[in-house]
J.: 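Let me begin by handing over the structure; questions about it come next.
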Amino acid sequence: MSNSTASRGGGTQTVPPTREGSPTASGPAGRAPRPEWRQRLTRLDVRLSPYLYISPFFLLFLVVGMFPLAYTAWVSVHEWSLIGGKGEFVGLDNFREVLGNPYFTKQLVNTISIFLLSSVPQIVIAVVLAALLDNQLRGRTFWRMSILLPFVVSPVAIAIIFGSLYGDRYGLINELLGHVGIDPIGWHTERFASHVAVATMVNWRWTGYNALILLAAMQAVPRELYESAAIDGAGRVRQFASITLPMIRPTMIFVVITSTIGGLQIFAEPRLFDETNARNGGSDRQFGTITMLIYDFGWQLRDLGRASATAWLLFVVICVFGIANFLLIRRVGALGGER
Amino acid sequence: MQTPKTRRFRLASSALLALTLATTAAACGGGDDDSSGSSADGVTTITVATFNEFGYEGLIDEWNESHDDIKVEQVKVGTWDDAKANLYTKLAAGSGLSDIEAIEGDAMPAILAEEGAFEDLTDEELDGRWLPWVEEKTLNADGQMIGYATDIGPEGICYRADLFKKAGLPTDREEVAGLMETWDDYFALGEEFVKKVPDTAWYDSSGGLAQAMLNQVENPFESDDNTVEVENAELEAVWADVTGNIDKGLSTTLPQWSDDWTASFQNDGFATMACPGWMLGVVEGNAEGVEGWDIANVFPGGGGNWGGSFLTVPSQGDNIEEAKEVAAWLTAPEQQVKAFAAKGTFPSQVEALESDEVTSATNAFFNDAPTGEILAERAQAVTVQPYKGPKYSDILQAFQAAVLRVDDGSQDAAESWDQFLTDVEALG
């Protein structure tokens with residue numbers, strides 16, 4: 001390893017000819033087998049080294065990423081109790097059972113609904129926020145840092161605060177609604193209302209974080225583009241649509257994909273928002289998500305087989321959504337570029 | 001391009017980011033550290049995990065003042081359901097549990113079925129410490145004692161005398177006791193009450209009522225050989241009563257232990273509730289500053305015992321001997337008497353039940369009611385010990401969710417019952 005590292009610098013700059021002053025060159029009759037061997041080594045080095053350098057990540061990923069994925073698949077085709085451990089091989093029975101379970105369908109719909117209610121407004125607001133912060137404001141650092149503040153607060157604290165805001169009977173929001181003559185809303189019992197409540201918690205926590213990432217991307221857009229657009233008579237909105245959006249597309253893809261993954265795995269917020277004893281997401285699982293179902297199967301019903309099958313189904317769902325979003329955002333970005 | 005100013009900005013932001021990551025990482029890692037271990041100076045720390053109110057705060061201070069080699073720390077969570085989730089997760093992980101774990105009475109059969117996960121605490125010196133029917137609940141199939149009993153939960157009826165007065169009902173605790181000998185009387189009185197005071201419900205939660213009624217049924221969910229039998233006449237009768245009262249406005253329809261439920265103590269949300277001894281501390285905490293609470297020496301339909309807990313020592317702990325010692329000390333009669341004085345957790349120890357401190361105890365918050373005497377009589381009134389198998393706690397959780405579905409109007413009683421049956425089947 002250390003040998004090839006040392007020779008790399010020299011190798012890349014002047015690749016084919018052997019250098020006269022090279023300490024290993026064996027004299028004027030330089031076409032001896034040795035240099036050729038060296039050459040081949042160098043070439044190999046140039047080709048392989050980059051992969052070697054990034055290999056630690058992939059090796060680590062293999063251990064902490066792929067292994068659990070494969071192991072979960074192994075567990076999902078067995079009877080497997082939380083405490084008793086592995087039982088019989090049951091093939092796809094666990095999957096069949098999960099797919100036939102009415103809670104699975106319900107909680108999958110909940111998950112997607114909460115995901116849409118959180119990710120869409122979250123990214124729209126984050127883009128707008130980032131655009132506003134991209135201006136020459138007084139005390140820029142202060143503003144930029146303070147939008148990250150909700151992200152620092154632990155979800156547990158957020159759940160306590162939002163829990164008392166969204167109390168069904170004695171909550172602040174329902175009290176305020178009462179003053180303007182609106183009937184109290186069942187934030188913990190009505191399906192859609194509970195999704196809105198949970199999504200608010202998620203948005204509160206993640207909007208600032210995404211805005212900051214998008215802001216970084218916006219700052220990397222060359223200012224000259226805006227100057228020439230301004231000379232051409234483009235207004236702020238036009239500049240934003242035709243320059244900013246297409247230029248931050250790669251970051252946009254990153255933000256959309258990560259929030260898709262995060263949004264479909266939502267767990268802490270709805271679980272902490274739940275006030276029933278079982279904490280399955282409301283009395284009739286009005287806001288129970290797929291990860292909560294995994295927890296219910298694995299840790300409340302103590303059946304890791306069904307839990308693993310559900311986890312795999314969730315993995316598939318996330319892949320589908322991730323790819324769909326990727327294609328969608330690429331198209332949207334491309335349209336902006338053509339304008 | 002890079003002016004000193006932008007560099008400073010970057011430095012500041014990266015420092016802030018690092019701080020953020022550090023705090024979030026710390027927040028994630030918190031909670032399961034220091035679960036056991038002896039530090040270098042030879043002091044062993046024993047952690048005791050409890051839920052609700054055990055009344056141990058003063059006792060632990062007392063222990064720590066008199067012991068230099070073993071220090072005791074309490075880990076408190078809000079409800080048993082949270083404690084249970086934590087317990088099973090860490091039981092499966094094989095580490096992370098406290099040295100002593102408190103177990104709620106209804107879940108004890110499931111704990112007894114976990115072979116090898118909890119230490120055998122049998123100790124000849126402790127023979128005869130507990131009431132025989134309580135001791136029976138701590139023995140596993142091999143006759144090993146897995147838990148030391150803390151308290152029992154003989155139930156009386158807690159009520160708001162001021163609200164009774166408002167409704168024109170008698171307020172004296174003996175007169176009140178005479179009015180609710182049976183469940184029918186209790187519900188009829190409730191209907192009268194809610195007519196007079198329409199903004200206040202009769203009892204605190206449908207779930208609480210369900211618990212109280214279930215504890216008077218011989219085989220609520222399982223037959224004596226542990227077969228699940230939820231379609232029985234007695235359970236269906238409890239279901240009909242509990243869900244039937246909702247439309248009459250008798251229940252607050254709030255989930256027991258929820259934020260709204262806690263807030264309802266301060267908002268005249270309800271007038272009565274089923275009160276096992278350990279509930280007195282809960283009421284006093286939630287209703288702080290509210291005047292008018294009292295407790296009547298009666299329980300509809302005869303006596304009832306709700307809960308009562310046990311201290312167990314998980315085998316995964318590092319300091320088993322020390323943990324046993326602490327658990328034995330905490331559940332000794334002298335200590336339980338003090339816990340009763342602090343939070344009303346009524347002793348399960350024979351000697352404690354006979355002690356003057358318990359029999360002559362009064363509770364200032366409950367209008368100076370002679371709680372010792374009342375609870376002792378309530379304990380004697382208990383005639384039925386429901387059979388609770390290893391699935392009891394899980395089925396109860398499904399039953400409570402079913403009640404709640406009717407409470408919050410997301411389903412009618414028939415639909416919810418059907419879903420309950422499916423849920424029970426899914427328990428496997």
Side-chain angles (χ1 to χ4, degrees), chain A residues 79 81-85 97 101-103 140-142 144-145 148-149 151-157 160 163-164 166-171 174 186-191 209 212 216 219 271 273-280 282-286 295-306, chain B residues 8-9 12-13 16-17 19-21 23-24 26-28 30 79-82 84-86 88-89 91-92 114-115 117 207 252-264 266-267 269 394 396-398 400-411 415-416 419 422-423 426-428:
Chain A
E79 254 176 34
S81 137
L82 177 67
I83 293 165
E97 228 171 280
N101 191 320
Y103 287 143
R140 265 179 302 172
T141 319
F142 171 75
R144 286 172 186 176
M145 284 299 116
L148 196 65
L149 217 60
F151 185 69
V152 187
V153 181
S154 111
V156 181
I160 291 172
S164 54
Y166 284 114
D168 285 21
R169 194 155 315 175
Y170 305 111
N174 275 350
W187 296 110
H188 288 81
T189 54
E190 283 164 34
R191 204 168 170 197
Y209 172 83
L212 217 58
Q219 301 222 301
R271 189 169 160 86
F273 185 65
D274 192 1
E275 302 219 304
T276 65
N277 290 340
R279 286 191 192 274
N280 278 328
S283 58
D284 195 22
R285 315 211 175 187
Q286 288 92 334
Y295 188 82
D296 181 35
F297 280 145
W299 283 267
Q300 297 193 123
L301 304 181
R302 299 184 276 287
D303 179 353
L304 287 181
R306 266 185 289 168
Chain B
R8 213 178 308 138
F9 167 74
S13 41
L16 200 78
L17 188 72
L19 193 77
T20 311
L21 290 175
T23 39
T24 28
C28 295
T79 66
W80 161 246
D81 294 85
D82 290 340
K84 178 180 167 187
N86 176 59
Y88 276 106
T89 308
L91 213 51
E114 296 298 346
E115 281 173 37
T252 59
T253 69
L254 298 171
Q256 202 168 28
W257 313 111
S258 67
D259 283 349
D260 274 341
W261 178 78
T262 308
S264 68
Q266 296 287 345
N267 292 300
D394 292 337
L396 180 64
Q397 208 170 46
Q400 296 280 20
V403 171
L404 210 54
R405 284 196 293 274
V406 187
D407 263 337
D408 64 28
S410 51
Q411 286 180 348
E415 272 179 301
S416 186
Q419 193 163 323
T422 328
D423 285 347
L427 292 173

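To find a chain, count down the sequence lines: A is the first, B the second, and so on, and within it residues start at 1. Values in this document were obtained by computation on a predicted structure and should not be read as measured data.
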J.: Between Arg285(A) and chain B, which part of the residue has a heavy atom less than 4.5 Å away: side chain, backbone, both or neither?
T.: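 No part of Arg285(A) comes within 4.5 Å of chain B.
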J.: Check whether Glu190(A) gets within reach of chain B through its side chain, its backbone, both or neither, counting any heavy atom under 4.5 Å.
T.: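 The answer is neither part of Glu190(A).
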J.: Where on Gln411(B) is there a heavy atom nearer than 4.5 Å to chain A: the side chain, the backbone, both, or neither?
T.: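 Contact with chain A involves the side chain of Gln411(B) alone.
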J.: Looking only at atom types and distance, does a side-chain atom of Asp260(B) sit under 3.5 Å from a main-chain N or O of Tyr170(A), one as donor and one as acceptor?
T.: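 Side chain of Asp260(B) to backbone of Tyr170(A): a pair is present.
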J.: List the atom of Trp299(A), the atom of Tyr88(B), and the distance in Å for their closest heavy-atom pair.
T.: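 Reported closest heavy-atom pair: O-CB, 4.3 Å.
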J.: Could you check if a side-chain atom of Leu427(B) sits within less than 4.5 angstrom of a side-chain atom of Leu301(A), using non-hydrogen atoms only?
T.: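 They are in contact (side-chain heavy atoms under 4.5 Å apart), so the answer is yes.
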J.: Measuring heavy-atom distances to chain A, does Asp82(B) have an atom under 4.5 Å in its side chain, in its backbone, in both, or in neither?
T.: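 Contact with chain A: side chain only.
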J.: Can you tell me which portion of Phe297(A) sits under 4.5 Å from chain B's heavy atoms? Options are side chain, backbone, both or neither.
T.: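 Contact with chain B is absent: no heavy atom of Phe297(A) under 4.5 Å.
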J.: Side chain, backbone, both or neither: which part of Thr89(B) has a heavy atom under 4.5 Å from chain A?
T.: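 Answer is both: backbone and side chain atoms of Thr89(B) are under 4.5 Å from chain A.
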J.: For Gln397(B) versus Asn277(A), what's the shortest heavy-atom pair and its separation?
T.: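 That would be NE2-O, 3.8 Å.
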J.: Quick one, Asp284(A) and Gln419(B) - any side-chain contact, counting heavy atoms below 4.5 Å?
T.: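 In contact.
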J.: Just jot down the side-chain contact (heavy atoms from CB on, under 4.5 Å) partners of Ala157(A), sequence neighbours excluded, or say none.
T.: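 Ala157(A) satisfies side-chain contact (heavy atoms from CB on, under 4.5 Å) with Val153(A), Ser154(A) only.
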J.: Measuring heavy-atom distances to chain A, does Thr252(B) have an atom under 4.5 Å in its side chain, in its backbone, in both, or in neither?
T.: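 Interface part for Thr252(B): both.
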J.: How far apart are the closest heavy atoms of Ile83(A) and Glu114(B), and which atoms are they?
T.: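 Minimum heavy-atom contact is CG2-OE1, 3.5 Å.
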J.: Just by distance, do the side chain of Gln300(A) and the backbone of Ala85(B) share a donor-acceptor pair under 3.5 Å?
T.: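 Flag not set: sc Gln300(A) to bb Ala85(B) has no pair under 3.5 Å.
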J.: What part of Asp259(B) is in contact with chain A, defined as an atom under 4.5 angstrom from a non-hydrogen atom: side chain, backbone, both or neither?
T.: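 For Asp259(B), the contact with chain A is made by backbone and side chain together.
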J.: Given that the side chain runs from C-beta out, which part of Arg279(A) has a heavy atom under 4.5 Å from chain B: side chain, backbone, both or neither?
T.: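 Only the side chain of Arg279(A) comes within 4.5 Å of chain B.
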J.: Among Ser410(B), Ser416(B), Pro255(B), which residue satisfies the side chain to side chain contact (heavy atoms under 4.5 Å, CB included) criterion with Ser283(A)?
T.: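 Option passing the side chain to side chain contact (heavy atoms under 4.5 Å, CB included) with Ser283(A): Ser410(B).
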J.: Do Thr253(B) and Arg169(A) get their side chains close enough for a donor-acceptor pair, meaning under 3.5 Å?
T.: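 The answer is yes; a qualifying pair exists.
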